[in-house]
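Order of the sequence lines fixes the chain letters, A, B, ..., with proteins taken first and strands second; residue numbering starts at 1 for each chain.
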Amino acid sequence: MGTGNSFDFERNIDAALADQQLKKNLRNAMDILVEKRRAVFTDPEALEQLRAAGNAIKRRALSKLPQLLEQLEAKCRQNGIQVHWAEDTAAANRIVLEIMRANDATELVKGKSMVSEEMHLNRFLKDHGIEALESDLGEFIIQLNGETPSHIIVPAIHKNKDEVAEIFHDKLPDTPYTEDVEELTRIARQAMRKLFARVKVGLSGVNFAIAETGTLLLVENEGNGRMSTTVPDVHIAVMGLEKVLEKLSDVPPLLRLLTGSATGQIITTYVNMITSPRKEGEKDGPKEVHLVILDNGRSRMLADPEFRETLLCIRCGTCLNHCPVYVRIGGHAYGHVYPGPIGKILTPQMEGLEQAGVLATASSLCGACGDVCPVKIPIPALIRRLRSESYDAKGDGTVSGHGYKKNLTETLVWKGWELVNVHPALNRLSTKMAGAMGKRLPKVGPLKQWTRARSAPKFAGKSLHDHELEKGGRDD
Amino acid sequence: MARIPEKPTTVYMFGTCLVDMAFPRAGIAAHRLLEREGLTVLFPQAQSCCGQPAFNSGFIKEARAVARKQIEVFPGPLPIVVPSGSCAGMMKHHYPEMFADTAEYPKARQFADRVFELSEFLVRVLDVRLDDVGPPETVTWHTSCHALREMGVIEESKSLIRQLEHVNLVELEREEECCGFGGTFSVKQPAISTAMVKDKIDDIARTGAATVLSGDCGCLMNITGALEYHRVPVEGKHLAEFLWERTNGNRKQL
Ligand code: SF4
């Protein structure tokens, strides 16, 4: 696990595939999530209409993103929310640190936020003597165990109940071992309550930010999001700049798509809409609200007409749940914050192809992700585009590190493939050779990989072309 | 679903490179099935591959060159019937995409509009009636991802199997889950790919069927390779070959 140069995808994959418990946990959990989604979107036609609407709303927002962001900033300021811009994660971390210092705070209580994971905020704050405490149940579990989220919606999805019981018993002082879910939840809740009573700064993510009204919208099921954003004196919200929507009326279709796709809910238990700090005469709410808007490569994605579609994402996680690769290797194997299909297209663009381009190879292009994506991101097409950028024959790629994989062998192999498939005589010859030598091919290179757990392909002595010729059929 | 043409008298067949090299019997069977419906089947000898291997691997220029060749080789207004959902999907959906915003687009579009997956053509255009003359048999069916998601022809394929009176179709628990082939994915990510195909053959074995059918030879090569490696006594067969055998009464005649 981890990031940076320690990323060894192959080793991660092998380790994950060897872990039978993980395999069981993931399959069970994914089956449940897939079924829940299915149960809430029962009418395929209505779902298609909703997806088209969601796609159109997000597209419209992206088409005027700079203008909407300015409007959002102006509205938020009017409402008393302080807005900060961060070009990269280092800048975003510094902004959070400054707010912490200005408030003499040494602890931060967090609702679930993937952008804060993208920032590696917890580690950064720790290096600066500040403790970030997760209040989402899943995040709490993995934080206790020193792990990172393995899923963007359900961070501890790779753990089953028994493993959670084990972690609570080991890591929380004076906690007797119990597998009772109610009891486990009660234990966690108690720990949270203590937190909220003392911590002065809370941090959350943002699901949608509405430019028209300057509203930050946050969905959740545990109430910890509401606690993190209302109980502490200071609330910091962090968001990627693609989260902005034009108007309030854009919210309902997207919200429906988000909760239905993510957890199979018609609506979440909590939908928080934050439009200002505590006003005069109000009894609760934070005294200060800060919004940190992060770019971290998103502007570059926006500039490319094809890659821009990555920014349609509403982080529902359903592409992970439906992915035959994710269900087998789990989130940690991807070695980066965003796993699964969305991670395969997002991470190489954020981190560069040299660092993360290999993620794009981990897809059979089965298309399940693109089929279920609520905002219709053509994920397989973007994976293909990243593969093409990796070799980048023409040198006009837009992703950092494009062309990193360019090599003579593969270039020649595909050039040869092209020749054979463009010139009928060469094609006949190569098919004949495959037929004649198929059985005697040395098991090296691709064939070696193929035969790891499969017998070698059998080539026919006589090709279909030959059979057709023999039949003497007309061919034009 | 695209427009359904009137029943033509002549069609093109695009055999696909995999059928050509490794599964010629599937191609011959497809040819026979079409002929039996009274059609003349043209098989241009200059045809080769749909270009998908390069397209999916990121070698678009090479894929385009090979696609251009196929477009040139199938010039007439005739339907092009393809015994593969994956290759049909490539030609129907990705050719227009590959040539978008170029002068070649109209040709690619015109070509794409004539592409049919075999079972789609048999059911929707020819409305075939199958007369099963084989002994009772239990089979299972694997859905190819592109036949399902790009071509949307799985119901057609399965309806053909269901027409066979003495054939019992037992469905897989995870019929629509990818078998792990994915072209170069199988050799670029061999560990994941083999884990996927292992689950697939376990699912197949649990049905108790002696034969697994599919409409795509990529999946079949992957699945039969794994069945053989793990010594699971189940035979993999292309739908066309199976349909021909069941209705022709003479296996040898292929
Ligand atoms: S890519 Fe689509 S399916 Fe995946 S998380 Fe984003 S919105 Fe959801």
Please examine the side chains of [Y] and [X], heavy atoms only from C-beta on, and report whether any two atoms are closer than 4.5 Å.
X: B:S186; Y: A:R454; answer: yes
X: A:S388; Y: B:F59; answer: no
X: B:C178; Y: A:P324; answer: yes
X: B:S193; Y: A:W450; answer: no

Contact winner vs chain A - [options], heavy-atom pairs under 4.5 Å:
options: B:Q189, B:M13, B:R149, B:E176; value: B:R149
options: B:H94, B:Q70, B:K198; value: B:H94
options: B:S86, B:C49, B:S144; value: B:C49
options: B:K188, B:M196, B:E150; value: B:M196
options: B:R68, B:E72, B:Q47; value: B:Q47

Can a donor-acceptor pair be found, under 3.5 Å and without considering hydrogens, that links the side chain of [X] to the backbone of [Y]?
X: B:S48; Y: A:N421; result: yes
X: B:Y229; Y: A:R452; result: yes
X: A:R384; Y: B:G58; result: no

Under 4.5 Å, counting heavy-atom pairs only, tell me which of [options] racks up the most with chain B.
options: A:D466, A:V325, A:I383; result: A:V325
options: A:K415, A:R385, A:H423, A:E410; result: A:E410
options: A:P380, A:S364, A:A16; result: A:S364
options: A:V422, A:T411, A:L464; result: A:L464

Open item on the list: Testing the basics here: between B:N56 and A:L365, what is the closest heavy-atom pair and its distance to 0.1 Å?
Closed with: CG-CD1, 3.3 Å
Charged N to carboxylate O under 4.0 angstrom, [X] versus [Y]?
X: B:D20; Y: A:K462; result: no
X: A:R27; Y: B:E177; result: yes
X: B:D199; Y: A:K23; result: yes
X: A:E418; Y: B:K69; result: no

Task: Any side-chain donor near an acceptor of the partner, B:H31 and A:E468, under 3.5 Å - done: yes
Task: Plane angle bin for A:H465 and B:F43 - parallel if under 30°, tilted between 30 and 60°, otherwise perpendicular - done: perpendicular
